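Notes follow the structure.
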Amino acid sequence: MAALRPGSKALRRLLCRSFSGGGVRLARERATERRDAASSRVSRFCPPRQSCHDWIGPPDKYSNLRPVHFHVPENESPLEQRLRELRQETQEWNQQFWAKQNLSFNKEKEEFIYSRLQAKGSGPRTESGQRATLDAEEMADFYKDFLSKNFQKHMCYNRDWYKRNFAITFFMGKVALERMWSKLKQKPKKTSG
C-alpha cells in the first residue's frame with residue numbers, strides 16, 4: 001500500500017482507471033456491455049494531480065448520474081477517510097441502482113412499443129423509414145404499469161438512500177467537530193503579564 005500514497009503516480013493511475021470507460025466496444029460486445037451496465041464508467045476524465053477539491057465527472061451513459069472524483073488529502077484523518085469511503089460506496093451503490101433501473105426501463109419500454117405496434121398491425125418503421133412511435137396516452141399505460149411493478153423496489157431504494165444520507169450527514173458533522181477541535185487545540189494560550 002505504500003505505493004498508493006496520496007500524490008503517487010500509482011494512486012493517480014488507479015483512480016483514473018477506476019473512473020475511465022472500457023474504451024471502444026465492437027457491435028458484438030454490446031450485449032455484454034448492457035449486462036455489465038451496473039458497473040459502467042464512461043468517463044476517461046481524471047482531475048489534475050495538484051487538485052485539492054472533489055471533481056464532478058461527465059454523466060454516466062447508463063445511470064445518467066455524474067460520478068464524483070473524491071479528493072484524498074495527504075493528512076486525511078481516520079474519520080475523514082471513513083466519510084470519504086462512505087460517500088464513495090454510496091455513489092457506487094447509486095450508480096449501480098440507476099444503471100440497472102434505466103436498463104430495465106428501456107428494455108421494457110421497447111418491448112411494450114413493439115407489442116403495441118404488432119397488435120395494431122404496424123411494423124417498427126413507418127412508410128417514410130422513421131421509427132414508429134405510440135401516442136402519449138398509450139405510453140402513459142406503460143409508465144403507470146412500470147411504476148406500479150417497481151413500486152416496492154423504489155420504496156426500498158428511497159429508504160436506503162435516506163439511511164445512507166443520514167449516515168453521511170452524521171459523519172460530516174463529526175468531521176466538522178473534529179476539525180474545529182483540532183483548530184482550538186492549535187491556538188496558542190495567552191499568558192498574563
Side-chain angles (χ1 to χ4, degrees), residues 1-25 29 32-107 150-187:
M1 283 306 226
L4 294 180
R5 65 183 182 281
S8 73
K9 287 184 182 181
L11 177 63
R12 191 171 85 223
R13 269 185 265 140
L14 178 67
L15 290 174
C16 289
R17 197 176 313 125
S18 67
F19 286 104
S20 66
V24 179
R25 299 201 186 272
E29 295 176 321
T32 305
E33 182 179 294
R34 286 188 202 110
R35 281 194 305 268
D36 297 336
S39 61
S40 68
R41 293 285 185 253
V42 295
S43 173
R44 291 200 173 273
F45 172 76
C46 186
R49 186 171 39 141
Q50 68 276 10
S51 173
C52 59
H53 301 285
D54 293 345
W55 285 64
I56 310 298
D60 180 86
K61 70 181 181 180
Y62 299 106
S63 69
N64 295 324
L65 300 176
R66 293 179 173 269
V68 178
H69 304 268
F70 293 97
H71 169 66
V72 181
E74 287 184 30
N75 56 349
E76 185 177 48
S77 72
L79 194 57
E80 290 171 321
Q81 180 182 0
R82 178 67 189 122
L83 171 62
R84 179 180 48 79
E85 289 170 352
L86 184 60
R87 291 176 66 205
Q88 287 172 328
E89 290 167 11
T90 300
Q91 176 185 285
E92 289 169 13
W93 169 80
N94 204 23
Q95 290 277 354
Q96 288 176 357
F97 175 85
W98 285 109
K100 287 177 186 174
Q101 188 66 15
N102 291 344
L103 184 65
S104 171
F105 174 82
N106 289 328
K107 181 182 173 209
N150 289 285
F151 178 78
Q152 193 63 38
K153 186 190 297 185
H154 288 151
M155 288 298 292
C156 290
Y157 169 81
N158 283 336
R159 184 190 66 233
D160 291 346
W161 177 248
Y162 280 110
K163 282 181 183 178
R164 287 173 180 266
N165 278 306
F166 283 129
I168 288 170
T169 304
F170 177 72
F171 273 99
M172 290 176 92
K174 287 176 77 172
V175 166
L177 287 172
E178 179 184 63
R179 287 178 182 164
M180 186 175 63
W181 185 253
S182 67
K183 283 183 182 178
L184 287 174
K185 285 174 34 179
Q186 289 178 355
K187 284 188 179 182

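It should be emphasised that the depicted structure is a prediction, and the values quoted were computed from it without experimental measurement.
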### Task
Over all heavy atoms of both residues, which pair between S63 and A99 is shortest? Give the atoms and the distance, please.
CB-N, 3.7 Å
### Task
Inspect the surroundings of NZ in K107 and state if more than 12 heavy atoms from other residues, nucleotides or ligands are less than 6.0 Å away.
no
### Query
Which pair of heavy atoms, one from I56 and one from H69, lies closest together, and at what distance?
C-CD2, 4.3 Å
### Query
Going from CG on L83 to CD on E178, what distance comes out if it is rounded to the nearest 0.5 angstrom?
10.5 Å
### Task
Please test W161 against W93 for side chain to side chain contact (heavy atoms under 4.5 Å, CB included), starting from the C-alpha separation and ending with a verdict.
CA-CA 9 Å; W161 177 248; W93 169 80; 3.5 Å; yes
### Query
For R66 and Q95, which heavy atoms make the closest approach, and how far apart are they?
C-NE2, 3.9 Å
### Message
Less than 4.5 Å apart, side chain to side chain, heavy atoms only: is that true for Q81 and V72?
### Response
no
### Message
Evaluate V68 against Q88 for side chain to side chain contact (heavy atoms under 4.5 Å, CB included), listing each step before the verdict.
### Response
CA-CA 8 Å; V68 178; Q88 287 172 328; over 6 Å; no
### Message
Within this structure, what is the NZ-CG distance for the pair K153 and N158, rounded to the nearest 0.5 Å?
### Response
13.0 Å
### Message
Within this structure, what is the OG1-NZ distance for the pair T90 and K163, rounded to the nearest 0.5 Å?
### Response
13.0 Å
### Task
For the residue pair N94 and Y157, establish whether any side-chain heavy-atom pair is separated by less than 4.5 Å.
yes
### Message
Classify the ring geometry of H154 against W98: parallel below 30°, tilted from 30° to 60°, perpendicular beyond 60°.
### Response
parallel
### Query
Should the pair E89-R164 be classified as a salt bridge under the 4.0 Å nitrogen-to-oxygen rule?
no
### Task
Please name the pair of heavy atoms, one in N102 and one in Y62, separated by the smallest distance, quoted to 0.1 Å.
ND2-O, 3.0 Å
Ignoring hydrogens and angles, write down the donor-acceptor pairs under 3.5 Å from the side chains of residues 166-174, residues two or more places apart or on other chains.
| from | atom 1 | to | atom 2 | distance (Å) |
| --- | --- | --- | --- | --- |
| T169 | OG1 | N165 | O | 2.8 |

### Task
Quick one: pull up CG in L177 and OG in S182 and give me the separation to the nearest 0.5 Å.
11.0 Å
### Task
Indicate the atoms forming the closest heavy-atom contact of R84 with E76, along with that distance.
NE-OE2, 2.8 Å
### Query
What pair of heavy atoms forms the shortest contact from Q91 to P67, and how long is it?
OE1-C, 3.7 Å
#### Entry: Side-chain touch H71/H53, heavy atoms, less than 4.5 angstrom
no
